[in-house]
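Each chain gets a letter, A, B and so on, in the order the sequences are listed, and its residues count up from 1.
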Amino acid sequence: MPELPEVEAAARYLHDAISGRTLRQVTWLHASLQRGGTAAVEALVGTRVHRVHRVAKWQEIVFADGAVLVVHFRMTGDWSVTPSVEAPRHARAHFTFSGGRHLWLVDPRALARVEVRAPGVEARGRTGPDALDPTLDAATLRARLAGRRISVKAALLDQSVIAGVGNIYAAESLWHARIDPRTSAQQLSKARVARILDGIRWCMGLALDQIGRHQYGTATDRFAVYDREGEPCSRCGAPIARITQGQRSTYWCRRCQR
DNA sequence: TATGGCCTGTGG
DNA sequence: CCACAGGCCATA
């Protein structure tokens, strides 16, 4: 269940587990991963992993020859590394590496995607700046929001505006910024956009600290508003509300978010 | 810009 | 049984 902080943790976990090792075998365990061709992935067998890193909510496994295995967890993806060939529950793909290390793509809903970018090919565009890009400033973000006739909540979920924010951290960021999630994206002042940017950095920084490594399935008590409908706002005490925006739940405080 | 579809599981 | 789930894409 990954947004930027969880994907960052997963990428670090994977880097530590497989960098320097050689891919020995790939097995597909669910039909959904086989659409769109798996031959390119299987062709990576015999190649050594150089490193693993994160780009927005994507993970890039960079091989020694420059090929990149690009993985997106979507809603429920995760990694599991095991010393044996026993498949964990909901394992959808199995990668064997040198040294007898088994990597499983675990994904109950089977929505995750895996694809290969050939050596030298540029990453696809269409995504905005990474949410944790330290050079991103309020003026830039405001310019990217300009002309969007959608709510600020919907705009934060649009990866072409800013990349890496998902449904939880959009709500958390807006709570921190004290901004009504229904506010039109295009009418935000620069000061309010600056508060949103602070909110993004605050809640994602907090999440990265708390996740440590790979323990993100556990505590919902690390969220200020997400999944807390009816509970008192930790800032003002008013009950947290839930509304629907674009088929997704938004949690927020009607009193202190304006 | 809004909607349905992809998938499976959980909780009310 | 139904609603909902931390995402994204193709379509209208």
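The two atoms that bring Ile240(A) and Cys253(A) nearest to each other are CD1-CB, 4.2 Å, heavy atoms only. Pro181(A) and Val152(A) make their closest contact through O-CG1, 3.5 Å (heavy atoms, listed as atom of the first residue, atom of the second, distance). Taking both residues in full, the closest heavy atoms of Val193(A) and Ala138(A) are given as CG1-O, 3.5 Å, listed atom of the first, atom of the second, then distance. In this structure, Arg144(A) and Val161(A) approach most closely via the heavy-atom pair NE-O, 2.9 Å. The shortest heavy-atom contact between Leu145(A) and Ala155(A) is CD2-CB, 3.6 Å.
Residues passing the ring-ring contact (aromatic ring centres under 6.0 Å, His included) test with Phe95(A): none are found, sequence neighbours excluded. For Arg242(A), the side-chain contact (heavy atoms from CB on, under 4.5 Å) partners two or more places apart in sequence, or in a different chain, are Glu229(A), Thr244(A), Ser249(A), Tyr251(A). Looking at residues two or more places apart in sequence or on another chain, you find a salt bridge (Lys or Arg N to Asp or Glu O under 4.0 Å) between Arg12(A) and Glu8(A). In this structure, the side-chain contact (heavy atoms from CB on, under 4.5 Å) partners of Asp180(A), at least two apart in sequence or on a different chain, are Arg182(A), Thr183(A), Trp252(A). Trp104(A) pairs by the ring-ring contact (aromatic ring centres under 6.0 Å, His included) definition with His94(A), not counting sequence neighbours. Among residues two or more places apart in sequence or in another chain, the ring-ring contact (aromatic ring centres under 6.0 Å, His included) test is passed with His90(A) by none.
Here side-chain hydrogen bond (donor to acceptor under 3.5 Å, both in side chains) pairs that include residues 35-49 of chain A, with residues two or more places apart or in two chains, are Trp28(A)-Glu42(A), Thr38(A)-Glu42(A).
Of all the residues in residues 163-178 of chain A, not one reaches under 4.0 Å from DNA chain B with any non-hydrogen atom.
Between Asp107(A) and Arg74(A), no side-chain nitrogen of the basic residue sits less than 4.0 Å from a carboxylate oxygen of the acidic one, so the salt-bridge criterion is not met. Electrostatic pairing of Glu6(A) and Lys57(A) does not count as a salt bridge here, judged by no charged N lying under 4.0 Å from a carboxylate O.
The side chain of Gln247(A) places an N or O atom within less than 4.0 Å of a non-bridging phosphate oxygen (OP1 or OP2) of dG4(B).
dC4(C) and dC7(B) have their P atoms separated by 22 Å, with the value rounded to a whole Å. Rounded to whole Å, the P atom of dG9(B) lies 22 Å from the corresponding atom of dC8(C).
In this structure, Lys57(A) places its NZ atom 6 Å from C1' of dG7(C), rounding to the nearest Å. If you measure from atom CZ of Arg148(A) to atom P of dA2(B), you get 10 Å, rounded to the nearest angstrom. Straight-line distance from the CG atom of Leu105(A) to the P atom of dC7(B): 14 Å, rounded to whole Å. Between Met75(A) atom CE and dG5(B) atom P the separation is 16 Å, expressed in whole Å. Protein atom CD of Glu115(A) is 12 Å distant from nucleotide atom C1' of dC8(C), rounded to whole Å. The nearest whole Å value for the distance from the CZ atom in Phe73(A) to the P atom in dC8(C) is 13 Å. A straight line from CG of Leu33(A) to P of dT8(B) spans 11 Å, rounded to a whole angstrom. Atom CG in Leu156(A) sits roughly 13 Å away from atom P in dC8(C) (whole-Å rounding).
Contacts of Ile150(A) with the nucleic acid, taken as non-hydrogen atoms under 4.0 Å apart, involve only primed sugar atoms and P, OP1 or OP2.
For the strand DNA chain C, secondary-structure stems (runs of at least three Watson-Crick or G-U pairs, all distances below 3.5 Å) span B:1-6 with C:7-12, B:8-12 with C:1-5.
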Pairs under 3.5 Å (N/O, protein and nucleotides 9-12 of chain B):
residue: dG9(B); atom: OP1; partner: His90(A); partner atom: NE2; Å: 3.1

Can you check nucleotides 1-4 of chain C for protein contacts, nitrogen or oxygen pairs under 3.5 Å, and list what you find?
residue: dC4(C); atom: OP1; partner: Arg242(A); partner atom: NH2; Å: 3.4

Pull out every protein N or O sitting under 3.5 Å from an N or O of nucleotides 9-12 of chain C, one pair per line with the distance.
residue: dC9(C); atom: OP1; partner: Arg124(A); partner atom: NH2; Å: 3.2

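To the nearest 0.5 Å, the span separating CH2 on Trp175(A) from SG on Cys233(A) amounts to 5.5 Å.
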TODO: Walk me through it: do Glu60(A) and Arg51(A) pass the test salt bridge (Lys or Arg N to Asp or Glu O under 4.0 Å)?
DONE: CA-CA 8 Å; Glu60(A) 299 195 345; Arg51(A) 70 184 187 117; over 6 Å; no
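Judged purely by distance below 3.5 Å, without hydrogens or angles, the side chains of Trp202(A) and Glu172(A) never pair a donor atom with an acceptor atom.
Candidate nucleotides dC8(C), dT1(B), dG7(C) were compared by shortest atom distance to the side chain of Arg149(A), and dT1(B) ranks first.
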